[in-house]
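To start, the structure under review is shown below, and the notes come after it.
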Amino acid sequence: MTGIIDSHCHIDGEQFDEDRDEAVARARAAGVVAMLNVGTGDPHSDDFRRAVAVAEKYEGVYAAIGVHPHDAKLYDDAAEEHLVELARSEKVIAWGEIGLDYYYDHSPRDVQREVFRRQVRMARSLDLPIIIHSRDADDETVEILTEEFVTGQVEKEGRADRSVRGPGIMHCFGGTPEMAKALMEVGFLISFAGNVTFKKAENLRDAARVVPLDRLLIETDCPFLTPVPFRGKRNEPSFVIHTAKFLADFYGVDLETLADQTTTNFVELFRLNLAANYSKDTN
Ligand SMILES: [Zn+2]
Ligand SMILES: [Zn+2]
């Protein structure tokens, strides 16, 4: 196995203040060669700086920055400037998580939609893939992304030339098979978290059934959504292996095949060179 990737985690949070070094070390020992640490919080605070600092501290840890739909009401010019400044770090490889959350409705829906579109455009101007969060908003998420990436006239001038390979990742997939198909059509990779292992999550497995291995990613979304058999405990990146084993079984392939393919999907999306991380991790 060349390694496995946790495509979405939150290890900058206080839940890891006591043992962050150990959690990263445990992940490496488990074969996790890259982790995408997704910053969240108030864009006028130090929350995002902290997320980037964690990525800068550890080899194999990358960062995403962007304002979560919960906090959309806090997004303004100053917030955007702050994030664009942080995006200059080489460790920042994605913009997100952004999207719509109509389950909690922490920000008004019209504000969520507007801020979602605005961030999609900012990410594109920086040539950064986006990380999508969507809850109870399947149709509008698909509609906005299809408009922004397929049917709409989006200004492409002034794009940097990192030349990423796709629009991004639909994280912690929780929608219907139709939603997964529509987003793959736009070019997104579909990432499943530990909840796909839960007994009652037949709906998630129905969606996983339509996602081919070459569009698949896995994540922990830690500290949340701990997979079976650790359900109830704090989640951490090393546990991604349990979701990987579960999905390998589900797809009827061996763990190595699933790990290699999902690693390739991630590396190609971000045009990363993980060779350095592999060589350090294998001895
Ligand atoms: Zn999320
Ligand atoms: Zn998240």
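Counting starts at 1 for both ligands and their atoms, following the listed order. Predicted model, so just to flag it, every value in this text is computed and none were measured.
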Test item: Ser238 side-chain N/O and Ala30 main-chain N/O as donor-acceptor pair under 3.5 Å = no
side-chain contact (heavy atoms from CB on, under 4.5 Å) with Met170: which of Ile190, Val186, Leu217, Ile130?
-> Ile190
In this structure, which one of Arg20, Lys57, Arg50 forms a salt bridge (charged side-chain N to carboxylate O under 4.0 Å, His left out) with Asp12?
-> Arg50
Is the shortest distance from a Lys or Arg side-chain nitrogen in Glu148 or Arg124 to a carboxylate oxygen in the other one below 4.0 Å?
-> no
Examine the side chains of Asp254 and Thr257 and answer whether a donor and an acceptor come within less than 3.5 Å of each other.
-> yes
Ion pair Arg118/Asp77, N-O distance below 4.0 Å = yes
Listing by chain and number, what protein N/O/S atoms are under 2.8 Å from the Zn ion (ligand 2)?
-> His8 NE2, His10 NE2, Glu97 OE2, Asp221 OD1
